[in-house]
Amino acid sequence: MEPERRGDDGDRPPSPFVAPLASYRFPYPCPTVNLVVEPRDGANQRDSRPLVLVVDDEESYRQALASGLSQEGFAVECAADGHEALRLFHRIHPDLVLVDVMLPDQSGVELCQRMRALAPVPIIMVTAKDSEVDVVLGLELGASDYVPKPFRLRELVARMRAVLRRGVASSAVANDEVLHAGPIRLDNGRREVTVDGGLVDLSRKEFDLLALLMSHAGQVVTRDRCIDRLWWDQDLADTRTLDTHMKRLRRKIERDPANPRHLVTVRGVGFRFEA
């Protein structure tokens with residue numbers, strides 16, 4: 001039986017779904033959902049369910065969706081805005097993200113770009129905006145799929161599972177990827193870098209910076225993107241920290257660090273890796 005639906009003058013929010021499944025029977029307002037996420041690493045065995053991060057500023061929607069997805073076999077974490085979503089994204093390493101386009105502190109499209117710059121996690125954009133332009137924009141900027149509101153829970157779950165199946169294959173390739181350009185070889189799986197066959201000792205930040213640039217060889221990677229990727233948890237007032245790491249990386253990689261051949265600076269924009 002469907003829960004009672006109220007209009008704009010009612011004291012209960014309408015369901016975010018077209019027709020909530022009778023088996024879920026969650027009344028409105030929804031009770032608080034206490035979600036516990038096992039650590040992704042460590043001695044304790046983590047929750048084997050796919051972990052989903054739901055980003056939406058409507059509390060009733062988040063709670064209803066968390067309840068429905070939990071019964072469908074997903075572990076769920078929720079965020080009310082982009083800032084909280086990024087903090088959780090780095091802490092819990094979700095398997096899938098559901099992002100609403102209309103967020104209070106930034107657009108969902110911008111949040112999608114930032115998340116995709118950090119990790120190849122599949123993202124489904126969920127929004128009331130369903131014009132062709134919005135769909136194309138969301139997909140071109142990194143979204144894996146696009147679901148307009150209102151939607152049926154079963155349809156959303158089917159799309160989520162399809163995206164996760166595609167993501168398993170692509171993430172496995174990314175984690176084991178070996179990048180080879182000229183004398184430089186970078187092994188993501190082993191986190192090793194060799195130059196002319198000799199192993200180079202890089203710090204974690206230096207390795208991540210080189211991996212970011214090599215994975216976009218021939219393309220300019222902006223300073224802002226480098227900072228978002230490497231120093232997401234810090235508010236850097238300037239880019240001197242980035243420049244310092246680039247200098248150290250050049251000393252270890254380049255034959256002539258003063259005249260770099262591979263790690264090229266694009267003035268006023270960022271850096272480009274040249275093979």
Side-chain angles (χ1 to χ4, degrees), residues 53 55 57 79-94 97 99-125 127 133-134 136-144 170-171 174 177 179 181 184 186 188 191 193 202-254 257 260-275:
L53 174 58
V55 188
D57 61 334
D81 55 43
H83 179 75
E84 183 182 6
L86 283 173
R87 180 181 61 81
L88 284 172
F89 185 83
H90 288 288
R91 181 171 65 85
I92 67 175
H93 305 295
V97 184
V99 177
D100 192 278
V101 168
M102 306 299 291
L103 297 175
D105 59 342
Q106 60 185 286
S107 73
V109 173
E110 179 184 357
L111 179 62
C112 175
Q113 284 182 288
R114 297 188 68 181
M115 287 182 171
R116 292 295 294 172
L118 295 169
V121 174
I123 299 173
I124 296 179
M125 305 199 77
T127 178
V133 174
D134 294 320
V136 172
L137 180 62
L139 295 175
E140 286 186 349
L141 294 179
S144 303
S170 61
S171 63
E177 186 178 17
L179 304 175
I184 304 171
L186 184 146
N188 272 309
R191 289 189 68 85
V193 173
L202 298 181
S203 69
R204 181 170 63 87
K205 297 289 189 185
E206 291 166 354
F207 181 94
D208 291 342
L209 179 57
L210 180 61
L212 174 62
L213 296 176
M214 288 187 70
S215 64
H216 296 81
Q219 304 175 22
V220 178
V221 180
T222 66
R223 288 176 173 269
D224 287 342
R225 184 171 184 181
C226 291
I227 291 173
D228 284 345
R229 179 68 177 267
L230 275 70
W231 291 278
W232 57 268
D233 57 344
Q234 301 177 36
D235 184 14
L236 296 183
D238 55 49
T239 60
R240 284 180 294 180
T241 300
L242 173 60
D243 292 333
T244 298
H245 280 76
M246 178 56 73
K247 284 183 179 180
R248 293 173 180 170
L249 183 57
R250 281 175 174 152
R251 291 189 191 121
K252 298 177 180 180
I253 297 297
E254 299 281 358
R261 173 186 173 187
H262 303 292
L263 303 173
V264 179
T265 296
V266 181
R267 293 191 179 279
V269 183
F271 305 99
R272 183 180 65 246
F273 182 89
E274 294 288 354

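We count residues from 1, following the sequence as given. All values derive from a computational prediction rather than experimental measurement.
Considering only heavy atoms from C-beta on, Val266 stays 4.5 Å or farther from Phe271 through its side chain. When side chains are defined from C-beta on, Cys226 counts as touching Leu242, because their heavy atoms get closer than 4.5 Å. Inter-residue side-chain proximity for Leu88 and His83 is flagged as unmet; no heavy-atom pair is nearer than 4.5 Å.
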**Candidate pair Leu53 and His93, rule side chain to side chain contact (heavy atoms under 4.5 Å, CB included), full reasoning** = CA-CA 9 Å; Leu53 174 58; His93 305 295; over 6 Å; no
**Request:** Please assess Val269 against Arg223 for the test side chain to side chain contact (heavy atoms under 4.5 Å, CB included), listing each intermediate value before the final yes or no.
**Result:** CA-CA 6 Å; Val269 183; Arg223 288 176 173 269; over 6 Å; no
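A donor and an acceptor atom, one from each side chain of His262 and Arg272, are nowhere located under 3.5 Å apart.
Taking CZ from Arg225 and CZ from Arg114, the interatomic distance works out to 12.5 Å, rounded to the nearest 0.5 Å. The CZ atom of Phe207 lies 9.5 Å from the CE atom of Met214; values are rounded to the nearest 0.5 Å. Here the CD-OG1 distance, from Glu206 to Thr244, works out to 10.5 Å after rounding to the nearest 0.5 Å. The distance from atom CG of Leu86 to atom CZ of Arg91, rounded to the nearest 0.5 Å, is 13.5 Å. Of the inter-residue distances, the one linking Arg250 atom CZ with Leu210 atom CG reads 12.0 Å to the nearest 0.5 angstrom. Note that the NE2 atom of His245 and the CZ atom of Arg204 stand 9.0 Å from one another [nearest 0.5 Å].
Between Arg261 and Glu254 there is no salt bridge, since none of the side-chain N atoms of the basic residue sits less than 4.0 Å from a carboxylate O of the acidic one.
Using modelled atom types, one side-chain atom of Glu84 and one backbone atom of Ala80 make a donor-acceptor pair closer than 3.5 Å.
Of the options Asp81, Leu111, Asp100, a side chain to side chain contact (heavy atoms under 4.5 Å, CB included) to Val55 is made by Leu111 and by none of the others.
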